[in-house]
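The structure appears right after this line, and notes come after that.
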Number of protein chains: 2
Amino acid sequence: MGLTLSESKEKILNVALGLSSKFGLVNLSIGELAKVVGMSKSGLFGHFKSKEALQKMVLDFAAHHFVNTVIKPALKKERGIPRLEAIVDNWITWSLEVHIGGCPIVTAAIEFDDRPGVLRDHVQFLKTEMIKGFEKTTRIAVIEGHLDNDLDCEQFVFELYSFMIGFHIYGRLMNEEMAKEKFKKSFKGLISRHEAKGWTT
Amino acid sequence: MGLTLSESKEKILNVALGLSSKFGLVNLSIGELAKVVGMSKSGLFGHFKSKEALQKMVLDFAAHHFVNTVIKPALKKERGIPRLEAIVDNWITWSLEVHIGGCPIVTAAIEFDDRPGVLRDHVQFLKTEMIKGFEKTTRIAVIEGHLDNDLDCEQFVFELYSFMIGFHIYGRLMNEEMAKEKFKKSFKGLISRHEAKGWTT
DNA sequence: TTAATTATAGCACGATCGTTCGTATTTGAG
DNA sequence: CTCAAATACGAACGATCGTGCTATAATTAA
């Protein structure tokens, strides 16, 4: 949890997340945001002391939403490959349906590549946390005996994460169902390539 | 060679490509660009009839540069896997050294994901051309007997392209050498997984 | 109930945005 | 040489940007 917001702030951040998923966090305009939310520019601005603070809160809001929608439900699944698969499924769904602009953290990651500052640091922190989470889930799958004992978990996650972003990019390029199929095929291959002998889904 | 530019225009586009690689094509500001180039805002503007036209030319300039730096030199290599490897090598080098902001087309692709208009269409066109090029090179590797005869070339390129973008993202997250190692390991795995029996590099 | 804090609004600021206009300067073709 | 086209400039446009200041409601605390 760790995130309690006033009603207004929540509404604002919801809209802001949608806008910045589509048009980028850098180009998130307070005036435009206020117009969409339906309140005055200065009234909205009062909730955050600066634009940077707003952007930072949008990032945290996105991360919070990500954890709640993608990670938490998956934790109810059994440890190991089932949980990993649940995370991937939820991530795809989240990317496709919840935020039409695709994973906002991926977008922000590329936006802030070369913009030193608080926001880049924060994006990198969130991204690192995300990857560390994936690595942990992968290690659990190894411990459970689902994946090969000598698996290079970091490398595994690199490939998994790459396929996810590949899906993200391909989805805009072509039919999204085709991109989804491509991703699923690659993901399946990745799993089966490292599946421990004697364990099958 | 399909792209003849006046001296000024070339200088402008060079700077514009650098700036937009770092800060995004959307946020490319004509005033700022003029300041860096060292000419007046209106003088620079006169070369392009609109900002959109400028952005479009920057994209074409990037694509042109990509072909010249990444693709063309690789075409001198032997058909098949060597050529594929050369493309990948050049792409990495290009991403790392030439444009510090990473492949500008990847950046633009994510920027314009959900911004309908001429520019998104153009980015998608360039991206599609790029992927079709990779697929062609891959098919040649099959024909040459380097890769499995029943290889799903589209899937192969999806994974290759994903690893490239993964490298792009990981590179900002951690030591770039580590990201490069991760990419190379994945790429090597991808190749060896589909290498035709009886052929080795 | 009163006092204090918070939420929102209106207005204005300096800065920058993309763009236009009018005007010099340079260049190239006849 | 002449004249038109191309190139570059400064100034200014309306719009929007992020951000303050001030005032008025609404909510909460004492």
Side-chain angles (χ1 to χ4, degrees), chain A residues 3-61 108 111-112 115-120 122-123, chain B residues 3-61 108 111-112 115-120 122-123:
Chain A
L3 200 62
T4 25
L5 297 168
S6 79
E7 206 176 322
S8 300
K9 237 174 185 167
E10 178 138 5
K11 200 210 296 191
I12 294 171
L13 288 177
N14 245 313
V15 177
L17 181 53
L19 283 180
S20 66
S21 287
K22 282 208 175 88
F23 306 122
L25 199 56
V26 175
N27 302 95
L28 181 61
S29 137
I30 294 180
E32 179 67 17
L33 177 57
K35 210 174 289 173
V36 176
V37 172
M39 64 187 294
S40 75
K41 200 164 61 142
S42 56
L44 188 150
F45 184 81
H47 284 280
F48 319 87
K49 300 167 313 186
S50 69
K51 181 179 181 180
E52 204 178 47
L54 164 64
Q55 291 169 310
K56 201 157 175 285
M57 292 200 73
V58 172
L59 278 177
D60 284 328
F61 190 74
E111 264 192 296
F112 288 99
R115 281 171 193 267
V118 184
L119 287 175
R120 186 182 67 169
H122 199 60
V123 172
Chain B
L3 200 63
T4 23
L5 299 168
S6 77
E7 206 175 324
S8 300
K9 238 173 184 167
E10 179 138 5
K11 200 209 297 188
I12 294 171
L13 288 175
N14 247 313
V15 177
L17 181 53
L19 284 180
S20 65
S21 289
K22 281 207 174 85
F23 306 123
L25 198 56
V26 175
N27 302 94
L28 180 60
S29 137
I30 294 181
E32 179 67 18
L33 177 57
K35 211 175 288 171
V36 177
V37 172
M39 64 186 293
S40 75
K41 200 162 60 139
S42 56
L44 188 149
F45 184 84
H47 283 281
F48 319 87
K49 299 167 312 184
S50 70
K51 182 180 181 180
E52 204 178 46
L54 164 65
Q55 290 169 311
K56 200 157 177 285
M57 291 201 73
V58 172
L59 278 177
D60 284 328
F61 190 72
E111 265 192 294
F112 288 100
R115 281 173 192 265
V118 183
L119 287 175
R120 185 182 67 169
H122 199 60
V123 171

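Because only heavy atoms are used, hydrogens play no part in the values below, and waters and symmetry mates are left out as well, while side chains stay in. First the proteins, then the strands, lettered A, B, ... as listed; each starts at 1.
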Nearest whole angstrom, please: distance from the [atom2] of [N] to the [atom1] of [X].
| X | N | atom1 | atom2 | result |
| --- | --- | --- | --- | --- |
| A/I30 | C/dC13 | CD1 | P | 20 Å |
| A/E7 | C/dT6 | CD | P | 18 Å |
| A/Q55 | D/dC17 | CD | P | 13 Å |
| A/F45 | D/dT22 | CZ | C1' | 15 Å |

- Task: Provide the closest heavy-atom pair for B/A53 versus B/K49 in the form atom of the first, atom of the second, distance.
- Result: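 In terms of heavy atoms, the two residues are closest at CB-N, 4.4 Å.
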Does [X] make a side-chain N or O approach to OP1 or OP2 of [N] shorter than 4.0 Å?
| X | N | result |
| --- | --- | --- |
| B/S29 | C/dC17 | yes |
| A/S42 | C/dA9 | no |
| B/S8 | D/dA8 | yes |
| A/H47 | C/dT6 | no |

| task | Using a 4.0 Å heavy-atom cut-off across all strands, classify A/I12 as base, sugar-phosphate, or nothing. | result | nothing
Margin query: Regarding A/L33, tell me which of base, sugar-phosphate or nothing describes its non-hydrogen contacts under 4.0 Å with the strands shown.
Written below: nothing
Spell out, as yes or no, whether a donor-acceptor pair under 3.5 Å connects the side chain of B/R115 to the backbone of B/R120. no
Between the side chain of B/K51 and the main-chain N/O of B/L28, is any donor-acceptor distance below 3.5 Å? yes
Is there a donor and acceptor pair, one atom on the side chain of A/K41 and one on the base of D/dG18, closer than 3.5 Å?
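When only heavy-atom distances are counted, A/K41 does reach the base of D/dG18 through a donor-acceptor pair under 3.5 Å.
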To the nearest 0.5 Å, what is the distance between CG on B/L44 and NZ on B/K9?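 If I round to the nearest 0.5 Å, the distance is 11.0 Å.
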Of A/K35 and B/S40, the one whose closest nucleotide on DNA chain D sits nearer the 5' end is B/S40
